[in-house]
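Taking it in order: structure first as structure tokens, then the write-up.
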Amino acid sequence: AQKITQTQPGMFVQEKEAVTLDCTYDTSDPSYGLFWYKQPSSGEMIFLIYQGSYDQQNATEGRYSLNFQKARKSANLVISASQLGDSAMYFCAMREGRNTPLVFGKGTRLSVIA
Amino acid sequence: DAEITQSPRHKITETGRQVTLACHQTWNHNNMFWYRQDLGHGLRLIHYSYGVQDTNKGEVSDGYSVSRSNTEDLPLTLESAASSQTSVYFCASSESAGLEETQYFGPGTRLLVL
């Protein structure tokens, strides 16, 4: 079974609008961490935001926030006030417990339209 | 500045040849990882290491090997390259194996097997 599911292969958003990228995960481990990475067309992987399973508050980093719904096992990335430079692939990833590597979803390609 | 580098950045080889992709990090991180990225699959883990002399198989390890003789380097070897191994390969590192520990990625190596 897929550990990380990103159901939106591609998304479009108007510049300055907010957009939500979906991520659901599957784990029975009570201790896990969720990550989002951005991959622009240049190819590098850029860490955006982290949410721990025990964190009480949703994580925020500038224009990025994570809508963490533990009971639904979802960790959606919200980008506010989209910019043209936000056009990229976005990957959701999970670490189950300590001493394990990140497992990635298949990604969502976001295109921001002027 | 500390960094993680990969070489070569681009490689064309023929089926059956042995190929080694280099990964070098100057952060003195204990943990290093190799992923491959293919359209429709996201990033999949090939091998990883949590320290010198430690190596572990990932989800798609068949046909690949790694060795860790020092902290800085984790070379990835394709024993006998196959066309199915045409991909973009990313090396990553992290300081520890904590739940919240971010993995930092190299720039990637594009490999074409003809």
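Throughout, a chain's letter reflects where its sequence line sits, starting with A, and its residues are numbered from 1.
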Worked check of side chain to side chain contact (heavy atoms under 4.5 Å, CB included) between A:Q83 and A:E15: CA-CA 5 Å; A:Q83 302 171 356; A:E15 198 177 7; 5.6 Å; no
Close aromatic pair by centroid cut-off 6.0 Å: B:Y104 and B:W27: yes
Aromatic contact, A:Y32 with A:Y25 (centres under 6.0 Å): yes
Heavy-atom pairs under 4.5 Å with chain A, option from B:G108, B:G98, B:G58 with the top count: B:G98
Proximal component of B:E59, with respect to chain A [non-hydrogen, under 4.5 Å]: neither
Over 12 foreign heavy atoms within 6.0 Å of NZ, A:K70: yes
Atom group of B:L45 that falls short of 4.5 Å from chain A, counting heavy atoms: side chain
Heavy-atom pairs under 4.5 Å with chain A, option from B:R44, B:E100, B:H41 with the top count: B:E100
Option in A:E44, A:E96, A:Q39 with maximal non-hydrogen atom pairs under 4.5 Å from chain B: A:Q39
Side chain to side chain, B:L43 and B:F105, heavy atoms closer than 4.5 Å: yes
More than 12 heavy atoms from other groups under 6.0 Å of CG on B:L39: no
Residue part contacting chain B, namely of A:S42, when any heavy atom lies under 4.5 Å: neither
Most contacts with chain B, counted as non-hydrogen pairs under 4.5 angstrom, among A:R98, A:R95, A:M89, A:M45: A:R95
